[in-house]
Amino acid sequence: MTKRRAEASATADAAFAVAHTNIALAKYWGKADVRLNLPAVPSISLTLDGLFTETSVAFRRGLGDDRLVLNGRPAGAEELRRVRALLDRVRRRANTKLRAEVRSTNNFPTASGLASSASGFAALAGAAFVAAGLQASPREVSRFARRASASAARSVYGGFVELPAGERGDDALTARPLRVGAGWDVRMVVAVTAEGPKAVGSTAGMERSRRTSPFYDAWVDGAPAMARRVRRALAARDLEALGEAMEQSTFAFHACAHTAVPALMYFTPATLAAYTAVRELRDRRGVPAFATMDAGPHVKVLTSNAHARRVASTLARAPGVLRVIVAKPGPGLVVRRGAGAR
Ligand code: DP6
């Protein structure tokens with residue numbers, strides 16, 4: 001084989017993907033089916049620009065096992081297990097036994113409640129599909145991403161995205177882009193309050209909530225109405241109604257987490273300082289700013305383009321806030337054949 005052909009075959013089974021994080025406006029917390037990873041509640045998110053994962057996947061002959069390099073370092077056993085499970089499903093679908101080398105980099109804190117699993121598994125699903133020679137339809141990639149991490153199903157699409165609740169056994173569930181709200185130029189101001197990984201990941205946290213929180217059923221029963229409020233506010237482009245619905249969904253899921261045994265407390269003093277600053281801006285100064293928190297200590301603030309700078313400078317002064325990122329609505333998954341970064 002000539003050198004050029006050898007190089008071509010070395011990259012023929014490789015692909016590179018970029019997926020952006022998303023932040024839920026109506027939250028997913030709890031599973032209807034653990035094995036198939038189907039959410040018990042509908043969720044609606046906004047994909048953000050500026051916060052993304054870049055992932056390359058190369059299926060290679062001669063590899064004894066899958067390899068995963070995460071942010072430049074060999075990944076731990078649990079991360080490798082989740083990645084291998086997704087790769088196994090892609091291998092079955094593509095009818096190959098080849099093992100893969102995966103390199104993945106986030107440009108923001110990993111596993112800390114900034115949706116790194118959302119962008120990470122969306123990018124992995126997209127790159128693995130194309131590297132395995134499969135047609136990567138967004139619906140199917142979203143379905144595969146959802147099996148790995150349900151919020152990842154939403155990162156396949158840009159802008160506002162919905163993931164319906166699943167019904168036990170229905171593995172066809174995928175996210176879908178929401179036409180209502182499309183093109184609405186809101187801002188999500190992200191106050192980063194920690195760089196390390198979170199104590200209890202979402203998967204374990206929502207399972208603990210389901211098993212032990214007396215508020216779990218109330219959360220699941222009430223979540224569809226909150227998602228409807230979010231959808232209606234998007235259709236009306238009503239920032240206040242959207243923000244209020246998002247905050248209610250946020251605190252309803254955290255109430256469920258707080259009342260789990262042992263309690264799941266994702267807030268830190270910095271989270272509360274940032275939230276207090278948001279409430280002051282809104283209640284005393286009339287700034288349309290609404291906060292949401294996920295399974296980590298960061299605070300993400302929904303506001304208008306016109307108010308984003310003021311919100312960012314206020315958050316930057318809150319005690320414990322390390323840095324602030326102003327994000328716009330971001331694009332969906334992009335995948336291309338071949339190895340290497342942009
Ligand atoms: C609080 O998608 O990370 O961010 O499906 O178990 O991987 P798994 O959970 P994951 O949960 C995200 C939970 C959340 C809310 C949300 O993004 O909707």
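Whatever order the structure lists ligands and atoms in, that order sets their numbers, starting from 1. Below, all heavy atoms of this structure are taken into account, side chains as well, without hydrogens, waters or symmetry copies. When a residue number appears, it is its place in the shown sequence, counting from 1.
The heavy atom nearest to atom 16 (C) of ligand 1, out of those in Met206, Arg154, Arg146, Glu207, is found in Arg154.
Ligand 1 has an N or O atom lying under 3.5 Å from an N or O atom of Ala150, backbone or side chain. Some N or O of Arg82 is nearer than 3.5 Å to an N or O of ligand 1, by distance alone. For ligand 1, none of its N or O atoms has an N or O atom of Lys27 under 3.5 Å away.
Residue Ser117 has at least one heavy-atom neighbour below 4.0 Å for each of these atoms of ligand 1: 3 (O). Close approach of ligand 1 to Asp294 is summarised as follows: ligand atoms under 4.0 Å from at least one heavy atom of the residue are 1 (C), 4 (O), 14 (C), 15 (C). Taking a cut-off of under 4.0 Å to the non-hydrogen atoms of Asn37, the atoms of ligand 1 that pass are 5 (O). Proximity to Ala24 (heavy-atom distance under 4.0 Å) selects the following atoms of ligand 1: 16 (C), 17 (O), 18 (O). Within ligand 1, the atoms closer than 4.0 Å to a non-hydrogen atom of Trp29 are 1 (C), numbered from 1 in the order shown. In the vicinity of Thr203, heavy-atom distances shorter than 4.0 Å reach the ligand 1 atoms 6 (O), 7 (O), 8 (P). Numbered from 1 in the order shown, with element, the atoms of ligand 1 that lie under 4.0 Å from a heavy atom of Phe253 read 1 (C). Against a heavy-atom cut-off of under 4.0 Å, Lys31 is close to the following atoms of ligand 1: 5 (O), 6 (O), 8 (P).
Heavy atoms from both the backbone and the side chain of Ser151 come within less than 4.0 Å of ligand 1.
Atom-to-atom distance recorded for Gln248:CD and Arg229:CZ is 5.0 Å, nearest 0.5 angstrom. Atom CG of Asn22 sits about 12.0 Å away from atom CD1 of Ile44, to the nearest 0.5 Å.
Residues satisfying the side-chain hydrogen bond (donor to acceptor under 3.5 Å, both in side chains) test with Thr259, not counting sequence neighbours, are Ser213.
At most 12 heavy atoms of other shown residues, nucleotides or ligands fall within 6.0 angstrom of atom CZ in Arg67.
Salt bridge absent: Asp185 and Lys328 never bring a charged side-chain N and a carboxylate O closer than 4.0 Å. Taking 4.0 Å as the cut-off between side-chain N and carboxylate O, Glu162 and Arg154 do not count as a salt-bridged pair.
The six-membered or imidazole ring of Tyr275 lies near that of Phe251, with a centre-to-centre distance under 6.0 Å.
Scanning both residues, Ala175 and Ser142, for their nearest heavy atoms gives N-OG, 3.0 Å.
Residue Phe215 shares its hydrophobic cluster (ILVMFWY side chains chained together at separations under 4.5 Å) with no other residue.
A heavy-atom separation below 4.0 Å is not found between Phe121 and ligand 1.
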